[in-house]
Amino acid sequence: MLSAAELEDLLLLAHHDEIITDEELVLLLLVLWEDDYEPMFWKKYPRFTIEQFDNMTDNDSVMNFRFSKADFTKLHNLLDLPEKLTSDSGTTWGSMEGFAIVLRRLAYPNRLYDLCNLFGRAPSELSVIFNTTCHAIHERWAHLLDDFEKDWLDEQVAQTYAIATSELSPLDHCIGYVDGTIRRVCRPIRKQRELYNGHKRVHCLKYQGTILPSGILTHVYGPFEGRRHDAALMRESGLQEQLQDLDLRAQDGAKLHLYGDTAYGLSEQIIVPFQGAQAQQNPQQREFNKGMSSARESIEWGFGKISSLWKFVDYSKNQKVLLQPVGVYYRVAALLTNCHTCCYSSQTGMYFDIEPPTLEQYLS
């Protein structure tokens with residue numbers, strides 16, 4: 001009969017060979033440890049502490065957490081997470097350790113086992129800390145993705161955005177671009193039809209995003225089932241009502257608006273391309289659509305930056321809708337992307353030559 005240590009080695013080997021998933025490994029190890037067997041393979045590694053972080057180089061910090069040491073510390077302090085967090089199972093950790101685990105887990109789709117040497121934690125503990133801290137960040141800062149109104153986005157700033165976009169596109173009084181994006185997920189056991197997008201032929205979740213010329217994704221709404229239409233997301237997000245209440249105006253008194261594709265429909269708040277086949281459009285209409293198509297690519301750059309920085313949310317095999325809070329993962333990744341833009345700018349900001357708000361302004 002195999003000993004508990006031998007069984008643990010077999011489970012880890014099966015996980016390494018991708019025979020069992022992260023979740024299956026955690027559940028099987030929990031069953032194994034019910035007999036008071038004390039696992040030791042990760043205990044040879046020290047816990048992640050401030051001293052360990054201080055000994056890192058800036059390059060190591062960027063590679064592991066996507067932020068330099070100074071910006072990591074500043075962002076951690078500004079996020080204002082609880083100093084100590086405790087799970088239902090009794091696992092306790094500090095806010096800095098939890099924040100580091102979130103950043104490292106989102107940065108690349110490593111297995112939990114692969115993170116044990118950096119954090120000195122069991123895979124089951126890493127899973128609990130990651131999920132709990134993600135929920136804490138989302139609960140505290142989700143309003144930055146839900147509400148278009150921001151303290152730093154006043155009428156004067158909006159007018160600056162409109163001037164910047166008008167210099168690179170044929171549309172005046174535009175302060176940003178709106179579009180939807182689909183994020184592939186692992187095919188679920190149930191609700192397959194609801195998550196299936198017939199156009200892309202994948203199982204996915206949909207989000208609606210709005211990007212400003214500074215590169216900030218100021219409104220990220222979702223998730224929705226993959227089969228839902230972009231118009232449904234716009235209607236249920238309340239974005240048009242928010243813009244109407246803000247009533248941002250240019251210096252000449254004209255209303256400032258967003259630009260989106262034809263799925264949203266023309267309104268005072270959303271301007272869309274001229275519809276119909278190109279052969280039915282006059283030269284001015286075709287030129288307008290072509291110019292706006294180039295400018296609207298900036299929203300794709302915003303979505304692309306989320307996937308580039310936080311590859312975990314772009315790995316569909318590990319996005320399991322019925323087992324994980326996939327929507328929270330993506331929205332937290334969007335929030336952290338905005339924080340990264342505040343620190344290091346973005347392709348969109350450089351394209352329009354607009355500086356983003358500071359980290360302190362964004363998280364005010």
Side-chain angles (χ1 to χ4, degrees), residues 66 71 144-145 147-181 207-221 234 239-240 242-243 246-262 264 268-274 287-310 333-364:
R66 298 293 189 252
D71 291 327
L144 295 179
L145 302 176
D147 301 329
F148 197 92
E149 182 178 5
K150 307 289 191 296
D151 291 339
W152 50 268
L153 184 58
D154 55 24
E155 195 161 69
Q156 183 177 358
V157 172
Q159 291 170 0
T160 303
Y161 290 168
I163 294 171
T165 60
S166 65
E167 292 176 351
L168 295 172
S169 68
L171 178 63
D172 294 329
H173 307 135
C174 175
I175 61 170
Y177 305 91
V178 60
D179 199 4
T181 185
Y207 300 83
Q208 176 184 281
T210 303
I211 197 167
L212 301 175
S214 60
I216 294 294
L217 287 156
T218 187
H219 191 269
V220 179
Y221 188 72
M234 174 61 72
L239 177 59
Q240 288 182 296
Q242 290 187 35
L243 291 171
L246 283 174
D247 195 27
L248 296 173
R249 293 183 179 271
Q251 293 179 347
D252 59 5
K255 284 191 174 183
L256 299 176
H257 45 249
L258 301 174
Y259 183 83
D261 60 32
T262 55
Y264 298 115
E268 286 187 338
Q269 292 76 38
I270 310 292
I271 303 299
V272 299
F274 289 101
E287 189 65 25
F288 176 86
N289 285 356
K290 182 179 178 180
M292 292 309 300
S293 177
S294 299
R296 201 171 65 89
E297 287 182 2
S298 59
I299 183 66
E300 302 298 337
W301 298 340
F303 291 138
K305 185 174 182 179
I306 297 176
S307 300
S308 177
L309 280 177
W310 316 111
L335 177 70
L336 293 172
T337 299
N338 284 339
C339 294
H340 190 276
T341 296
C342 292
C343 294
Y344 310 110
S345 191
S346 65
Q347 184 178 358
T348 303
M350 290 185 285
Y351 178 74
F352 289 105
D353 195 22
I354 292 290
E355 289 293 325
T358 65
L359 203 53
E360 290 83 357
Q361 288 173 327
Y362 179 68
L363 294 174
S364 62

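As the structure is a computational prediction, the values presented were derived from the model and not from experiment.
Residue pairs meeting the salt bridge (charged side-chain N to carboxylate O under 4.0 Å, His left out) criterion with at least one partner in residues 355-364, sequence neighbours excluded, are Lys74-Glu360. For residues 147-162, the side chain to side chain donor-acceptor pair (under 3.5 Å) pairs, not counting sequence neighbours, are Lys150-Thr218, Tyr161-Ser214. Here ring-ring contact (aromatic ring centres under 6.0 Å, His included) pairs that include residues 339-364, with residues two or more places apart or in two chains, are Phe67-His340, Trp301-Tyr351, His340-Tyr344.
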Practice prompt. Show your working on side-chain contact (heavy atoms from CB on, under 4.5 Å) between Ile299 and Leu217 and close with a plain yes or no.
Written response: CA-CA 8 Å; Ile299 183 66; Leu217 287 156; 4.1 Å; yes

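The two atoms that bring Ser298 and Ile211 nearest to each other are O-CD1, 3.4 Å, heavy atoms only. The minimum heavy-atom distance between Ile216 and Cys342, with the atom names listed, is CD1-SG, 3.9 Å. Pairing each heavy atom of Asp261 with each of Val272, the nearest pair is O-CG1, 3.2 Å. For Pro213 against Ile354, the heavy-atom pair with the smallest separation is O-CB, 3.9 Å. Residues Tyr259 and Pro273 approach most closely at OH-CG, 3.0 Å, considering heavy atoms. When all heavy atoms are compared, the tightest approach of Leu256 to Ala158 is CD1-CB, 3.7 Å.
Counting heavy atoms from C-beta outward, Leu258 and Leu239 have side chains that approach closer than 4.5 Å. Looking at heavy atoms from C-beta onward, Tyr264 lies out of side-chain contact with Gln240 at the 4.5 angstrom threshold. Contact annotation: the side chain of Tyr177 never approaches that of Glu297 to less than 4.5 Å [non-hydrogen atoms, C-beta and beyond]. Between Gln208 and Val178 there is a side-chain heavy-atom pair separated by less than 4.5 Å. In this structure the side chain of Ile306 never reaches within 4.5 angstrom of the side chain of Thr181, judged on heavy atoms. You'll find the side chain of Leu212 reaches within 4.5 Å of the side chain of Phe148, heavy atoms only.
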Give the table of side-chain donor-acceptor pairs shorter than 3.5 Å for residues 167-175, with sequence neighbours excluded, one pair per line with atom names and distance.
from   : atom 1 : to     : atom 2 : distance (Å)
Ser169 : OG     : Thr165 : O      : 2.7
His173 : NE2    : Asp252 : OD2    : 3.2

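Every residue meeting the side-chain hydrogen bond (donor to acceptor under 3.5 Å, both in side chains) condition with Lys255, not counting sequence neighbours, appears here in chain and number order: Glu268. Listed by chain and number, the residues in a side-chain hydrogen bond (donor to acceptor under 3.5 Å, both in side chains) with Thr341 are Lys305 (sequence neighbours excluded).
Note that SG of Cys343 and CG of Leu359 are 4.5 Å apart. Values are rounded to the nearest 0.5 Å. With rounding to the nearest 0.5 Å, the separation of OG1 in Thr210 from CE in Met234 is 6.5 Å. Distance CG/Leu144 to NE2/His219: 12.0 Å, rounded to 0.5 Å.
Within a 6.0 Å sphere centred on CD of Glu287, other residues, nucleotides and ligands contribute 12 heavy atoms or fewer.
A donor-acceptor pair under 3.5 Å links the side-chain atoms of Thr337 to the main chain of Ala333, judged by distance alone. Distance alone, capped at 3.5 Å, places no donor-acceptor pair between the Ser308 side chain and the Gly304 backbone.
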